[in-house]
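Residue numbering restarts at 1 for every chain, and letters A, B, ... go by the order of the sequence lines. It should be emphasised that the depicted structure is a prediction, and the values quoted were computed from it without experimental measurement.
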Number of protein chains: 2
Amino acid sequence: MTATRRPSRPRPETLARRREILQAALEIFGQKGFNNGPLAEIADQVDMTHAGILHHFGSKDRLLVEVLRYRDESDVEGLDEQHIPGGAELFRHLVRTAFSNEARPGIVQAYAVLSAESVTEGNPGRAYFEDRYTVLRGEVADALRAMCAERGIDAPATVANASASVLAVMDGLQVQWLLDRGNVELAAASRFAIDAIVTAVLDPRPSPLGDDLP
Amino acid sequence: MTATRRPSRPRPETLARRREILQAALEIFGQKGFNNGPLAEIADQVDMTHAGILHHFGSKDRLLVEVLRYRDESDVEGLDEQHIPGGAELFRHLVRTAFSNEARPGIVQAYAVLSAESVTEGNPGRAYFEDRYTVLRGEVADALRAMCAERGIDAPATVANASASVLAVMDGLQVQWLLDRGNVELAAASRFAIDAIVTAVLDPRPSPLGDDLP
DNA sequence: AAATAGTTACTGACTGCATTGTAAGTTCTC
DNA sequence: GAGAACTTACAATGCAGTCAGTAACTATTT
């Protein structure tokens, strides 16, 4: 028989401390990428040594996973709201997010960098992003179908492609905006493209490129 | 007085050897990212030591720059063709590229990973991507203006946002496709979105989202 | 055409730094 | 006084870049 163990609760301020670390990690990973962002630098920002961070999170890989989860939860842009906006409202929310994102390049960059990095070999964030995009595409598709229903039309086969495209423009514009803020209007362009794509679903017209493509 | 120097040409096979290295580097950087892709692994693929690679390219940073330039030149997708396609032809070319890209995930990934990584602190590829996007946006904008002219309409103010958006969807779709090839149709979605955006420029309609946004 | 000088294309060994993770010890708090 | 929240010190890699040396090739000279 081994002796009984008393796990002993974490101290009250620890939760806040962990959040500080996650916040700092998000910043550093955003600025320098996951592979290129050392634990020591994150530790500096919260007045700790890198060993302290490992005490809390076990490994750098697990830290990344928790950073991504944290960003999701604490994020203003949480699309997965409970009030289930009735179709168009979701797209308005996306556009609003693009506008507010113009004021926080740090988070935009973190997202852009980490999502692209996640497709590399052995990256611990991959599962998170796979899942996230699947969920988001589903939500966008639902919103599109709701808008179709409102207008009394059958949801067309283009819904799936449109959903992926909506998320894609937003992400792609972020990269261009980060590279050249003077020449890319993140929010305005997002708005324009989302309008264009939603319109093409609700009220399709013949392609201006002809139909003789592959 | 210093003695005169005889620079002596490089050997005939060296150019081919350098190309082998660039090709291997593109693969490795694509699979693992620039920061996470060691020179030794590139060297292995061409039966060399990493010192040999440094002999040819001087440093890892310079290798990246040359890899990016190399990809541009040798790339089938070279949009900057000389024949100057008369508007719609450029978009058809983009769509065709998306189709052929479905057969070469390696290159797609290299591009996606390296472009996002380029926005991180101190990345040597940044200037390249800044420039590339500027050039590409200009070409797309020209094509859109040409299409407007063909139809006898003034080019609207939306051209700039549309140009950025076209490139953005293509890039964004690539990331989603790399994460989940089973559920994202790279080419079909690109086609759909490009159609939608071009149509929105040529023949704008009222936003389905209302006009009361920020 | 043979000898020779200079240069290229490397290799192998090494340096030095950066970085993740671990282990042992310290203090503070439940 | 036991475990939580650390720190300091260290182990263990991994990696870019340097350097000296070597073989092979090119260019020049004889």
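- Nearest heavy-atom pair across A/S207 and B/R191 is OG-NH2, 3.2 Å.
- Taking side-chain N and O atoms only, A/R17 has a distance below 4.0 Å to OP1 or OP2 of D/dC6.
- Taken together, the paired segments of DNA chain C that extend over three or more consecutive Watson-Crick or G-U pairs, each closer than 3.5 Å at both contacts, are C:1-30 with D:1-30.
- The nearest heavy atom of DNA chain C to A/N36 and to B/E13 marks one nucleotide each, and the one closer to the 5' end goes with B/E13.
- Residue pairs satisfying the side-chain hydrogen bond (donor to acceptor under 3.5 Å, both in side chains) criterion with at least one member in residues 53-66 of chain A, sequence neighbours excluded, are listed as follows: A/R18-A/E66.
- Between B/L39 atom CG and D/dA16 atom P the separation is 4 Å, expressed in whole Å.
- Taken residue by residue, residues 49-65 of chain B places heavy atoms nearer than 4.0 Å to DNA chain C at B/T49, B/A51, B/G52, B/H55, B/H56.
- Evaluation of the ring pair (Phe, Tyr, Trp, His ring centres under 6.0 Å) rule for B/F129 yields B/Y111 as partners, not counting sequence neighbours.
- Atom NZ in A/K32 sits roughly 11 Å away from atom P in C/dT20 (whole-Å rounding).
- Within the 4.5 Å cutoff, side-chain heavy atoms of A/V140 are placed close to those of A/F91.
- Looking only at distances, a side-chain donor or acceptor of B/Q176 sits under 3.5 Å from a matching main-chain atom of A/A164.
- Of the candidates D/dA5, C/dT20, C/dA9, the closest approach to any side-chain atom of B/T14 belongs to C/dA9.
- Judged by distance alone, the side chain of B/R92 and the main-chain N or O of A/L209 form a donor-acceptor pair under 3.5 Å.
- As rounded to whole Å, 15 Å separates atom P of C/dA18 from atom CG of B/N35.
- Within the structure, ring pair (Phe, Tyr, Trp, His ring centres under 6.0 Å) pairs that include any residue of residues 161-190 of chain B do not occur (at least two apart or interchain).
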Review item, side-chain donor-acceptor pairs of residues 28-48 of chain A, under 3.5 Å, at least two apart:
{"residue": "A/K32", "atom": "NZ", "partner": "A/E41", "partner atom": "OE1", "Å": "3.4"}
{"residue": "A/N35", "atom": "ND2", "partner": "A/E117", "partner atom": "OE2", "Å": "3.0"}

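- In this structure, CG of A/D47 is placed 13 Å from C1' of D/dT7, rounded to the nearest angstrom.
- Formation of a donor-acceptor pair under 3.5 Å by the B/Q174 side chain with backbone atoms of B/Q109 is not found in this model.
- A/I42 has its CD1 atom 15 Å from the C1' atom of C/dA18, to the nearest Å.
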